[in-house]
Peer 1: 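Pasting in a structure now, in structure tokens, and then I'll have a few things to ask.
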Amino acid sequence: MPYTYDDQNIFAKILRGEIPNDTVLETEHSLAFRDIRPQAPVHVLVIPRGSYVCYDHFAQDASDAEILDYTRAIGRVCEMEGVADGGFRLIANAGEAGVQEVPHLHVHILAGRPLGRMLERG
Ligand code: 5GP
């Protein structure tokens with residue numbers, strides 16, 4: 001499936017330094033920063049620096065180095081934020097049904113309170 005990347009999305013602007021962010025971790029291929037509207041005491045977004053719309057796009061087209069860096073970056077943020085003890089959730093929304101607001105791949109790391117069941121019906 002062809003993916004069309006909009007380089008005017010808000011995370012592309014953050015990556016270009018046009019919009020400030022509360023950085024948690026920077027690596028060669030990834031950036032982690034706090035969500036501007038946190039839904040839990042810990043709410044960090046981890047994004048690849050490359051122009052990928054969503055997770056399946058990344059999994060298909062990213063290099064091994066990017067995938068390794070991104071996966072490790074998510075793990076490092078979990079460690080830095082100390083989420084393992086109390087438990088946490090990773091979410092990667094995609095497209096319309098997934099209600100993806102920003103069309104640049106991001107994984108949400110949520111922790112610090114009971115997060116409820118994964119999905120509500122309806
Ligand atoms: P999505 O619904 O696409 O999975 O999540 C997008 C997330 O990006 C939302 O949780 C929203 O609060 C966050 N967000 C939107 N704009 C900004 C911004 O300018 N800065 C930061 N740090 N987060 C943002």
Side-chain angles (χ1 to χ4, degrees):
M1 174 183 166
Y3 297 93
T4 305
Y5 183 80
D6 170 14
D7 68 4
Q8 294 307 306
N9 77 76
I10 205 94
F11 294 169
K13 292 179 180 177
I14 284 176
L15 284 166
R16 291 195 294 267
E18 294 167 14
I19 292 176
N21 72 91
D22 185 358
T23 300
V24 173
L25 177 69
E26 289 185 271
T27 66
E28 183 180 0
H29 294 295
S30 309
L31 175 68
F33 53 92
R34 298 197 189 282
D35 197 291
I36 204 167
R37 292 189 298 271
Q39 296 184 39
V42 175
H43 190 169
V44 178
L45 303 171
V46 189
I47 67 174
R49 294 187 187 277
S51 302
Y52 302 104
V53 176
C54 51
Y55 201 94
D56 48 328
H57 184 197
F58 182 71
Q60 285 178 32
D61 289 357
S63 67
D64 290 358
E66 289 177 297
I67 291 171
L68 182 63
D69 180 292
Y70 188 60
T71 304
R72 293 269 194 233
I74 292 168
R76 279 183 64 194
V77 172
C78 288
E79 189 181 0
M80 290 164 68
E81 296 292 311
V83 302
D85 280 351
F88 63 96
R89 183 170 293 155
L90 305 182
I91 298 174
N93 295 317
E96 190 177 342
V99 195
Q100 181 180 10
E101 178 189 336
V102 181
H104 181 113
L105 169 60
H106 48 284
V107 164
H108 299 253
I109 301 174
L110 294 150
R113 70 167 174 83
L115 296 164
R117 295 189 66 82
M118 187 169 68
L119 292 176
E120 299 295 333
R121 287 186 182 275

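Whatever order the structure lists them in is the order used to number ligands and atoms, beginning at 1.
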Peer 1: At the 4.0 Å heavy-atom cut-off, does V102 count as touching ligand 1?
Peer 2: yes
Peer 1: Check each atom of ligand 1 against the heavy atoms of R37 and keep those under 4.0 Å away; list them by number with element.
Peer 2: 11 (C), 12 (O)
Peer 1: Compute the minimum heavy-atom distance from K13 to ligand 1 and say whether it is under 4.0 Å.
Peer 2: no
Peer 1: If you measure from CD1 on I91 to NE2 on H106, what distance do you get to the nearest 0.5 Å?
Peer 2: 9.5 Å
Peer 1: List ligand 1 atoms under 4.0 Å from Q100, heavy atoms only on the residue side.
Peer 2: 3 (O)
Peer 1: Name the atoms and distances for all side-chain donor-acceptor pairs under 3.5 Å in residues 107-117, with sequence neighbours left out.
Peer 2:
{"unit_1": "H108", "atom_1": "ND1", "unit_2": "H43", "atom_2": "NE2", "d": "2.8"}
{"unit_1": "R113", "atom_1": "NE", "unit_2": "Q39", "atom_2": "O", "d": "3.0"}
{"unit_1": "R113", "atom_1": "NH2", "unit_2": "Q39", "atom_2": "O", "d": "2.8"}

Peer 1: Grab the two heavy atoms, one from I67 and one from A59, that are nearest each other, plus how far apart they are.
Peer 2: CD1-O, 4.2 Å
Peer 1: Tell me the protein heavy atom at minimum distance from atom 3 (O) of ligand 1, and give that distance in Å.
Peer 2: E101 N, 2.6 Å
Peer 1: With respect to V99, determine whether any N or O atom, backbone or side chain, lies less than 3.5 Å from an N or O atom of ligand 1.
Peer 2: yes
Peer 1: Relative to each other, are the rings of Y3 and H57 parallel, tilted or perpendicular (30° and 60° limits)?
Peer 2: parallel
Peer 1: Just how far is it from atom CD1 of I47 to atom OH of Y70, taken to the nearest 0.5 Å?
Peer 2: 8.0 Å
Peer 1: For atom 7 (C) of ligand 1, state which one of T23, D35, I19, I14 supplies the nearest heavy atom.
Peer 2: D35
Peer 1: Within this structure, what is the CD1-CD1 distance for the pair I36 and I10, rounded to the nearest 0.5 Å?
Peer 2: 7.5 Å
Peer 1: Looking at ligand 1, would D22 count as a contact under a 4.0 Å heavy-atom criterion?
Peer 2: no
Peer 1: Should H106 be counted as touching ligand 1, given the test is an N or O pair under 3.5 Å?
Peer 2: yes
Peer 1: What atoms in ligand 1 come closer than 4.0 Å to a heavy atom of F11?
Peer 2: 8 (O), 24 (C)
Peer 1: If you measure every N/O of I36 against every N/O of ligand 1, is any gap under 3.5 Å?
Peer 2: yes
Peer 1: Can you sort out the partners of E66 under salt bridge (charged side-chain N to carboxylate O under 4.0 Å, His left out), two or more places apart, ordered by chain and number?
Peer 2: none
Peer 1: I'd like to know if R34 pairs up with E81 as an ion pair, taking the criterion as any Lys NZ or Arg NE/NH1/NH2 lying under 4.0 Å from an Asp or Glu carboxylate oxygen.
Peer 2: yes
Peer 1: Counting each atom of ligand 1 from 1 as listed, which ones have a heavy atom of I10 under 4.0 Å away?
Peer 2: 16 (N), 19 (O)
Peer 1: Working to the nearest 0.5 angstrom, can you tell me the gap between T71 OG1 and H29 NE2?
Peer 2: 12.0 Å
Peer 1: Would you say ligand 1 has an N or O under 3.5 Å from any N or O of N93?
Peer 2: yes
Peer 1: Could you tell me the residue and atom name of the protein heavy atom closest to atom 22 (N) of ligand 1, and the distance to it rounded to 0.1 Å?
Peer 2: R34 O, 2.9 Å
Peer 1: Is E26 paired with R49 through a side-chain N to carboxylate O contact shorter than 4.0 Å?
Peer 2: yes
Peer 1: Does ligand 1 come near enough to Q39 that some N or O of the ligand is less than 3.5 Å from an N or O of the residue?
Peer 2: no
Peer 1: Under a 4.0 angstrom heavy-atom cut-off, which atoms of ligand 1 come close to H108?
Peer 2: 1 (P), 4 (O), 5 (O), 7 (C), 10 (O)
